[in-house]
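I have placed the structure first, in the form of structure tokens, so that the comments after it can refer back to it.
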Amino acid sequence: MTAEILSFETGRPAELADGEPALVVDVEGYEGPLDLLLALARQQKVDLAKISILALADQYLQFIEAARKIRLELAADYLVMAAWLAFLKSRLLLPEPATPDGPSAEEMATALANRLRRLEAIREASNRLMNRPQLQRDIFPRGDPETIAEIRHPRFTATLFDLLTAYAAQRQQRVLASVHLAKRTVWSLSEARASLERLVGMAEDWSCLDEYLMSYVVDPSQRATVFASSFAAALELVREGEMELNQKAAFAPLYFRKRPPQPSGAMSDLPVE
Amino acid sequence: MASLAEKRKDDAEEAPADPQARPEELRLLEALLFASTEPLDQGALAKRMPDGVDIKAALAQLQAEYATRGVNLVRIANKWTFRTAGDLAWLMTRETTETRRLSRAAIEVLAIIAYHQPVTRAEIEEIRGVITSKGTLDVLLETGWIRPRGRRKTPGRPLTFGTTEAFLSQFSLEALSDLPGLEELKGTGLLDSRLPTGFSVPTPSDDPALREDEDPLEIGDLELALAPAVEPESDDKS
Amino acid sequence: MASLAEKRKDDAEEAPADPQARPEELRLLEALLFASTEPLDQGALAKRMPDGVDIKAALAQLQAEYATRGVNLVRIANKWTFRTAGDLAWLMTRETTETRRLSRAAIEVLAIIAYHQPVTRAEIEEIRGVITSKGTLDVLLETGWIRPRGRRKTPGRPLTFGTTEAFLSQFSLEALSDLPGLEELKGTGLLDSRLPTGFSVPTPSDDPALREDEDPLEIGDLELALAPAVEPESDDKS
């Protein structure tokens, strides 16, 4: 991470001088130890294939020393490379052991040279790539393209089954819907009570509740709900002392009447239970 | 830049013709007009072109050169631009067919039109118990399965709708009378067998002859019926 | 539109040439290619052209016809499109809308991806000898010139990157084999596996078919690769 923004106060690599400055933002500093090595190698002005890795290692180590003297913070990458180069240098200077395990010093040096060559090659390639005619910079597409109008032909799908199901469902639904509406005309307690109060007002003597209810209810389907609500309301009215109910036996017709005006002292004998 | 020059040489090698055979200003004009995002007037072109070029003459020449091509140099409000040739407009359209399912509302309305035709919008709503959005009828008209067939002789003279031959072919019906009646619908279980006694299903007919209570369509009725809905969003609701 | 059509008639009158003098298929191809925003491949063109036209021959003829013009017919990744001639860059500079300026790091990474693809981030870092910041890859992904194309069948299953058609288009490359200096690079063996650093990709390829050592991307990989940098501030950049 830090490597890319690391900046050294040193000469810039020669190869960059004639690069494409317009496209290079990070011309200051080096992009890591390989980049630095490459820059130092370019100063040797020889073919990278023939470069003296030993001399290069020396240069690099001197550079690092100089940087340390001015207390420049160095990214770890650079120090690792310095350590590796110091090691390589010692290997190159010492005679090769008889049975080397791992690559020889020469092989290591060649590998490093190859890496540098490869980095340089990719840089040249990237320069050439960037110098190619670029779209919107050197060559241009049609500036005002004409849109190709899309004419959509919808193809609708529906089956006879869909059609019949839809027809049957909605016709049926309408019929059922009216039943539905009827069901919703459930008498509320207060509605029933209001009607009964009206009825009771007319019924001075014992009357059969059913008669009243049936004369009131037009639709036979409403009979149950009207009956239930009315009965509940009647009980309520009895409890409040507005009305009296009378039934001879279980399931016998219910009779009711407006409660006759009571002498004020006779209140207690009213509730039978 | 060096590679650019190279590139051009390559091109030149590929092409047998000699680039010099054609006046350079025509090439420049071509490139400028091609790349521009908007038509350019003579002044704008002159500013970009080398001095001493007779822009007007060059444009005339370019226009003549391109007149026979699939792309023409045209002048629009005194500005110049390339446009595909007008006779190739057909090429500039892509026709696609997309399969669309009818909304439930549309199928319901279609079914009512099929059974109850000739039927007005108000009658459809009466049967369905909900308002029919304009979009629903528009979609049905777009299918080509229904058509406005006349006007009811009632106040407001509402359009009456009926089904078309395309409807029959879509639903593989030989005739509209092949639509199942009440008993058949009950038999298939689509209709509840306990429906009230008054319940009936009409015997549908798409006889194009107008009914007694129908007037013929007037000029413009078709356009009216096919006019796009005001709110396109309302198509699919319900 | 009406005025355009009128205009065309006027043009036709002005132009003495007979539109029929030029093979119709060339006119059609011209129109299609001029109008399109995207390069079109032979298949797409064939679909729009009348049957029996030798598209390949017609394209070759058209390319030759336009080779000397300010607008050339070019092929990019087997797709055809008109572009202004490369040698007219000097004229067109003013058309330039602010082109993206890539950092040196980004350019290098792009080049490595182009020449070594499919390549993993670790391999890019191996070549450059430095960590690649997330931002650099993000910038490149944002250009649309590179794409994550798979996962390498190695421990950690790292993403592999490659270039896109937009990359070819950007740098006027007909195919990846047109990359500048590719032959020299191959010649030096720098793209070769003989390098001790273990590169195993002798020839770059943007063939979308995965290599033997690549697995397909998994769901979410694209989002991963395109995810904004960790720092929330950088979300709004560009």
**Study point:** Contacting region of A85(C) [heavy-atom separation from chain A under 4.5 Å]
**Key:** backbone

Point to revise | Interatomic distance, L91(C) atom CG to D138(A) atom CG [nearest 0.5 angstrom] | key: 12.5 Å

**Study point:** Euclidean distance, I139(A) CD1 relative to D87(C) CG, rounded to 0.5 Å
**Key:** 11.0 Å

Study note, to complete from the structure: In short, I127(C) meets L119(A) closest at the heavy-atom pair O-CD1, 3.7 Å

Practice item. Would you check if L185(C) and E124(A) make a side-chain contact, meaning some heavy-atom pair closer than 4.5 Å? Key: no

Point to revise | Gap between atom CZ of R128(C) and atom CG of L34(A) - 0.5 Å precision | key: 10.0 Å

Check your understanding: So which heavy atom on A105(C) is nearest to which on E31(A), and how close?
Key -> CB-OE1, 3.3 Å

Practice item. For residues R128(A) and G181(C), report the shortest heavy-atom separation together with the two atoms involved. Key: NH1-CA, 3.4 Å

**Study point:** From CD1 (I107(C)) to CZ (R123(A)), nearest 0.5 Å
**Key:** 11.0 Å

Point to revise | Side-chain donor/acceptor of R142(A) to backbone N/O of F34(C), under 3.5 Å | key: yes

Check your understanding: So do L135(A) and S172(C) actually touch side chain to side chain, heavy atoms under 4.5 Å?
Key -> no

Exercise for review: List the steps and the verdict of side chain to side chain contact (heavy atoms under 4.5 Å, CB included) for L88(C) and F140(A).
Suggested key: CA-CA 10 Å; L88(C) 301 183; F140(A) 292 83; over 6 Å; no

Exercise for review: Look at the side chain of R132(A) and the backbone N and O of F171(C), then say whether any donor-acceptor pair between them is shorter than 3.5 Å.
Suggested key: yes

Check your understanding: Side chain, backbone, both or neither: which part of S169(C) has a heavy atom under 4.5 Å from chain A?
Key -> both

**Study point:** Closest contact, heavy atoms only, G129(C) versus R115(A)
**Key:** CA-NH2, 3.9 Å

Review point. Non-hydrogen atoms of chain A under 4.5 Å away: do they reach the side chain of L33(C), the backbone, both or neither?
Key: neither

**Study point:** Donor-acceptor pair, side chain of S126(A) and main chain of E108(C), under 3.5 angstrom
**Key:** no

Point to revise | Test item: M92(C) and Q136(A) side chains (from C-beta on) under 4.5 Å apart, heavy atoms | key: no

Review point. Would you say D35(A) and R104(C) make side-chain contact, with heavy atoms under 4.5 Å?
Key: yes

**Study point:** E106(A), CD atom: more than 12 neighbouring heavy atoms under 6.0 Å
**Key:** no

